[in-house]
S.K.: 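I have a structure here, written as structure tokens, and I will follow up with some questions on it.
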Amino acid sequence: MNKYRSHYCNNLRKKDVGSKVLLAGWINKKRDHGNLLFIDLRDNYGITQCIIDKENSNFSSLEKIQLETVVKVEGEVINRSNETINKEIATGEIEVKIQKFEVLGVCKELPMPIFSDQEYSEEIRLKYRFLDLRRKKIHENIILRSKVISFIRNEMYNYGFLEFQTPILTSSSPEGARDFLVPSRLNPGKFYALPQAPQQFKQLIMVSGFDKYFQIAPCFRDEDARADRSPGEFYQLDLEMSFVEQEDIFEVVEKMLINTFKKFSNKKLMYDKFPKISYADAMMKYGTDKPDLRNPLLINDITEIFLRKDVSFEIFKKLVKKGFNVRCIVTQNTKDRPRSFFDNIDKWAKDQGASGLAYFTIEKEAQIQAKGPIGKFFSEEALAEIMKKTKAKVGDSIFMACNNQKELEKITSLAREKIAKDLGLINENIFAFCWIVDYPMFEKNEQTNKIEFSHNPFSMPQGDLKKINFDNPLDILAYQYDIVCNGVELSSGAIRNHKPELMYKLFSIAGYTSQQVDEKFSGMINALSYGAPPHGGIAPGIDRIVMLLADEKNIREVTMFPMNQNAQDLMMNAPSEVNENQLKELSLSLKLKK
RNA sequence: GGGGGUGUAGCUCAGUUGGUUAGAGCGAUCGCCUGUCACGCGAUAGGUCGAGGGUUCGAGUCCCUUCACUCCCGCCA
């Protein structure tokens, strides 16, 4: 028999009554009745109540022991009387009468309680992560994460994918996020970069003829953190397939995601087949390319209304003449909402840096009229036109903003979320997936006025490749797609451009010479000229998938050892200073800003 | 880089208009308690009110600066 335990802390049941057992674990909770002591012993699997009374010579030493001390307990499984059965725990019908015990690991006074539903500051949680991870919810989240990854890995094998590792020390890439750099000792003055994603490697794997690849890949990007974005590193289910079109990828990924979400969550899927929304449509209807489809509110453009003579809302009319647009959100049957509801939203919009949201409610007495601060500026005919355009009905309210397209998208997208939240329109018990498709290949940088790749520069442009009009690069769409779930961007992918000539052409539009392309992407561009198969892929974010499944709002709740917002590991003290010798070996010297 | 929030005992928090010796619960220590499962009861210890400066007779409270954590914007092909 094992020296430490004969059973786990969730094993024992009524049938074990009478048997002698060895349990080992942490002292989760003590209830000391003076001459009788209850101890809840906890391990990874569960909790068993152990009991000892004054008759036993070990009583007084066990009575003094700290919570979270690791002990080994030897005793007999005994029955609990009916009134003392605890239905909350699986082992609640029995308890272990302690005969002997031994301390295996002492515990100092705790900086934070383990057995408690209290919330603690992130600082203390991250510094003592090993204690934090003992707590029930996060312990379960991490176990869920393991199971999800294992399940996904198994699914991918079943679909015929092979798992390969790719290098962690690689080269810096000019596109995308800021790189993490690693100085090279053997090549003074030169640096490796940690991969932002195994993008080029997975394409090279396709060129190497492996057909279907996946990897639970660590990705490193030196960008600032958000609640749903770890600083530093995160994991993607990176995958790539040869001889495929967009639809082939959709089929595999949809199947994988649906199976995973059905297995690990009780929430319903809003769509069993993910709807496809073009990037342009998404930006119009939702103001963002990561729409939360649980939210029923839609955005409408009503710029034309403000060209009418029977509309006299001069502030908007002037802006419209200058080329601005007006977009609006209709809320159903809100005519009886208190004035504070409308004013709160207007005030909120101003806090967001917008000039506020104008609003009115459509009512009907003798005739249809707009009620609210700006209602009087609209004629009955103009209102009819608005109602036609927005499908608004009597009793509905309309919130409007006027601005340039980019600002409009921003504020209406935020307003859509805010208003839906205020009205309680979002069903939290649903997962609403969708594909966002038809991303533009290029976009114009507002500041520099230069044409840039809007997403992945290795994407394949859409349409007949012989007939693409490179004179209007902003009109070129790419086979580029994202998966969005409940407003969270879960993955993005593309059919890749496997034709070197076309690649040079596209890069030249973004301002790169062929020489620069050869230099920056030497591995790949070279490979593409030795018989590259058409291929494509996608990379769903593992952390965010687990976050959705665990119903957490913060990615650190599903990450075992996360860094804080300033990209520091408070437990391991990273990053840290290094000594002179280490710097010298790397031919580095520091020039710190004061 | 910018904006918001928070910072009071080991932990979670309260602290009024600026006014005596800064409080509670949990935890810790000590004592009582044989059926609890958030056990109960009593006592004790524990504080640079994040830090620095200012206003004031007097600052946890008001002002300025700064630090830490967090949320957001920028950034994230």
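When reading the values below, keep in mind they use all heavy atoms of this one structure, side chains included, and skip hydrogens, waters and symmetry mates.
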S.K.: Between A:Phe507 and A:Phe453, is the ring centroid distance below 6.0 Å?
M.R.: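 For A:Phe507 and A:Phe453, the ring centres are under 6.0 Å apart.
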S.K.: Decide if the gap between the ring center of A:Phe38 and the ring center of A:His33 is smaller than 6.0 angstrom.
M.R.: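 A:Phe38 vs A:His33: aromatic centres under 6.0 Å.
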S.K.: Between A:Lys347 and A:Asp343, does any side-chain N to carboxylate O distance fall below 4.0 Å?
M.R.: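 No, this pair does not count.
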S.K.: Looking at A:Arg134, A:Lys136, A:Arg129, which hits salt bridge (charged side-chain N to carboxylate O under 4.0 Å, His left out) with A:Asp132?
M.R.: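 Among A:Arg134, A:Lys136, A:Arg129, the one that satisfies the salt bridge (charged side-chain N to carboxylate O under 4.0 Å, His left out) with A:Asp132 is A:Arg129.
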S.K.: Does B:rC33 have a Watson-Crick or wobble mate here (both distances under 3.5 Å), and if so which one?
M.R.: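 Base-paired to nothing in any strand shown.
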S.K.: Shorter than 3.5 Å, N or O on both sides, protein versus nucleotides 67-73 of chain B: list them out with atom names.
M.R.:
{"unit_1": "B:rA68", "atom_1": "O2'", "unit_2": "A:Glu123", "atom_2": "OE2", "d": "3.2"}
{"unit_1": "B:rC69", "atom_1": "OP1", "unit_2": "A:Asn564", "atom_2": "ND2", "d": "2.9"}
{"unit_1": "B:rC69", "atom_1": "OP1", "unit_2": "A:Gln568", "atom_2": "OE1", "d": "2.9"}
{"unit_1": "B:rC69", "atom_1": "OP2", "unit_2": "A:Asn566", "atom_2": "ND2", "d": "2.4"}
{"unit_1": "B:rU70", "atom_1": "OP1", "unit_2": "A:Gln565", "atom_2": "N", "d": "3.3"}
{"unit_1": "B:rU70", "atom_1": "OP2", "unit_2": "A:Gln565", "atom_2": "N", "d": "3.1"}
{"unit_1": "B:rU70", "atom_1": "O3'", "unit_2": "A:Arg556", "atom_2": "NH2", "d": "3.3"}
{"unit_1": "B:rC71", "atom_1": "OP1", "unit_2": "A:Asn554", "atom_2": "ND2", "d": "2.6"}
{"unit_1": "B:rC71", "atom_1": "OP1", "unit_2": "A:Arg556", "atom_2": "NH2", "d": "2.8"}
{"unit_1": "B:rC71", "atom_1": "OP2", "unit_2": "A:Gln565", "atom_2": "NE2", "d": "3.4"}
{"unit_1": "B:rC72", "atom_1": "OP2", "unit_2": "A:Ala227", "atom_2": "N", "d": "3.0"}
{"unit_1": "B:rC73", "atom_1": "OP2", "unit_2": "A:Arg226", "atom_2": "NE", "d": "2.7"}

S.K.: For B:rG1, what is the paired nucleotide under Watson-Crick or G-U wobble rules, both distances under 3.5 Å?
M.R.: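 When the pairing criteria are applied, B:rC73 turns out to be the nucleotide that pairs with B:rG1.
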S.K.: Rounded to whole angstrom, note down the P distance from B:rU66 over to B:rG1.
M.R.: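 It works out to 13 Å between them.
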S.K.: Measuring only the P atom in each nucleotide, how far is B:rG5 from B:rU65? A whole number of Å is fine.
M.R.: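 Result for the P pair: 14 Å, nearest Å.
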S.K.: Using heavy-atom distances to pick each residue's nearest nucleotide on RNA chain B, tell me which of A:Pro113 and A:Gly176 is more 5'.
M.R.: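 In this pair, the answer is A:Pro113.
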S.K.: Partner of B:rG27 by Watson-Crick or G-U wobble geometry, both contacts under 3.5 Å, or none?
M.R.: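 Check on B:rG27: unpaired, no WC or wobble geometry under 3.5 Å.
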S.K.: Would you classify A:Pro457 as touching base, sugar-phosphate or nothing, given that sugar-phosphate means primed atoms plus P, OP1 and OP2, and contacts are heavy atoms under 4.0 Å?
M.R.: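 Here A:Pro457 touches the bases of the nucleic acid.
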S.K.: Could you give the distance separating B:rG46 and B:rA22 at their C1' atoms, to the nearest angstrom?
M.R.: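 Looking at atom C1' only, B:rA22 and B:rG46 are 14 Å apart.
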S.K.: Counting the atoms with a prime plus P, OP1 and OP2 as sugar-phosphate, which does A:Glu119 contact under 4.0 Å by heavy atoms, base, sugar-phosphate, or nothing?
M.R.: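 It contacts sugar-phosphate atoms only.
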S.K.: Taking all non-hydrogen atoms of both residues, which atom of A:Ser508 and which atom of A:Lys505 are closest, and how far apart?
M.R.: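 Nearest pair, atom of A:Ser508 first, then A:Lys505: OG-O, 2.6 Å.
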S.K.: Counting Watson-Crick and G-U wobble pairs only, both distances under 3.5 Å, name the nucleotide matched with B:rU20, or none.
M.R.: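 Its partner: none found.
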S.K.: Determine whether the side chains of A:Asp482 and A:Tyr439 contain a donor N or O and an acceptor N or O closer than 3.5 Å.
M.R.: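 Yes.
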S.K.: When the P atoms of B:rC39 and B:rC26 are compared, how many Å lie between them, rounded to an integer?
M.R.: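 After rounding to an integer number of Å, I get 11 Å for this pair.
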S.K.: Can the ring centres of A:Tyr512 and A:Tyr504 be said to be less than 6.0 Å apart?
M.R.: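 No, ring centres 6.0 Å or more apart.
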S.K.: Do A:Arg221 and B:rC76 have a side chain to base donor-acceptor pair shorter than 3.5 Å?
M.R.: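 Answer is no: no donor-acceptor pair is held.
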S.K.: Is it the case that A:Gln49 and A:Thr91 place a side-chain donor and acceptor less than 3.5 Å from each other?
M.R.: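 Result is no, nothing qualifies.
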S.K.: Output a table of nitrogen or oxygen pairs between the protein and nucleotides 35-41 of chain B separated by less than 3.5 Å.
M.R.:
{"unit_1": "B:rG35", "atom_1": "N1", "unit_2": "A:Glu95", "atom_2": "OE2", "d": "2.7"}
{"unit_1": "B:rG35", "atom_1": "N2", "unit_2": "A:Glu95", "atom_2": "OE1", "d": "2.7"}
{"unit_1": "B:rG35", "atom_1": "N2", "unit_2": "A:Glu95", "atom_2": "OE2", "d": "2.9"}
{"unit_1": "B:rU36", "atom_1": "O4'", "unit_2": "A:His33", "atom_2": "NE2", "d": "3.3"}
{"unit_1": "B:rU36", "atom_1": "O2'", "unit_2": "A:Arg31", "atom_2": "NE", "d": "3.4"}
{"unit_1": "B:rU36", "atom_1": "O2", "unit_2": "A:Arg31", "atom_2": "NE", "d": "2.6"}
{"unit_1": "B:rU36", "atom_1": "O2", "unit_2": "A:Arg31", "atom_2": "NH2", "d": "3.2"}
{"unit_1": "B:rU36", "atom_1": "O2", "unit_2": "A:Gln49", "atom_2": "OE1", "d": "3.3"}
{"unit_1": "B:rU36", "atom_1": "N3", "unit_2": "A:Gln49", "atom_2": "OE1", "d": "2.9"}
{"unit_1": "B:rU36", "atom_1": "N3", "unit_2": "A:Gln49", "atom_2": "NE2", "d": "3.0"}
{"unit_1": "B:rU36", "atom_1": "O4", "unit_2": "A:Gln49", "atom_2": "NE2", "d": "2.9"}
{"unit_1": "B:rU36", "atom_1": "O4", "unit_2": "A:Arg80", "atom_2": "NH1", "d": "3.1"}
{"unit_1": "B:rU36", "atom_1": "O4", "unit_2": "A:Thr84", "atom_2": "O", "d": "3.4"}
{"unit_1": "B:rC37", "atom_1": "O4'", "unit_2": "A:Arg31", "atom_2": "NE", "d": "3.0"}
{"unit_1": "B:rC37", "atom_1": "O2", "unit_2": "A:Gln49", "atom_2": "OE1", "d": "3.4"}
{"unit_1": "B:rC37", "atom_1": "O2", "unit_2": "A:Asn86", "atom_2": "ND2", "d": "2.9"}
{"unit_1": "B:rC37", "atom_1": "N3", "unit_2": "A:Arg80", "atom_2": "NH1", "d": "3.0"}
{"unit_1": "B:rC37", "atom_1": "N4", "unit_2": "A:Thr84", "atom_2": "O", "d": "2.5"}
{"unit_1": "B:rC39", "atom_1": "OP1", "unit_2": "A:Lys29", "atom_2": "NZ", "d": "3.3"}
{"unit_1": "B:rC39", "atom_1": "OP2", "unit_2": "A:Arg31", "atom_2": "NH1", "d": "3.2"}
{"unit_1": "B:rC39", "atom_1": "N4", "unit_2": "A:Asp32", "atom_2": "O", "d": "2.1"}

S.K.: Which base sits across from B:rA9 as a Watson-Crick or G-U pair, both distances under 3.5 Å?
M.R.: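 With both distances under 3.5 Å required, B:rA9 matches none.
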S.K.: Do other residues, nucleotides or ligands put more than 12 heavy atoms under 6.0 Å from the NZ atom of A:Lys520?
M.R.: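 Atom NZ in A:Lys520 is not packed in, count stays at 12 or less.
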S.K.: What's the gap between B:rC49 and B:rG2 when it is taken at their C1' atoms, as a whole Å value?
M.R.: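 About 30 Å, rounded to a whole number of Å.
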S.K.: With P as the reference atom in both, quote the distance from B:rG52 to B:rA59 in angstrom, rounded to an integer.
M.R.: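 Going atom to atom, P in each nucleotide, I get 14 Å.
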S.K.: Any strand counts, and the cut-off is 3.5 Å on both contacts for Watson-Crick or G-U wobble. Which nucleotide pairs with B:rG58?
M.R.: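 No nucleotide pairs with B:rG58.
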S.K.: Check this for me, if you would: do A:Glu122 and A:Arg556 make a salt bridge, where the nitrogen-to-carboxylate-oxygen distance has to be below 4.0 angstrom?
M.R.: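 Judged by the 4.0 Å cut-off on N to carboxylate O distance, A:Glu122 and A:Arg556 do form a salt bridge.
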S.K.: By nearest atom, which of the nucleotides B:rG74, B:rC33, B:rG25 is closest to the A:Asn35 side chain?
M.R.: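 Output: B:rC33.
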S.K.: Can you tell me the distance, in whole Å, between the CG atom of A:Leu110 and the C1' atom of B:rU12?
M.R.: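 Whole-Å distance recorded here is 15 Å.
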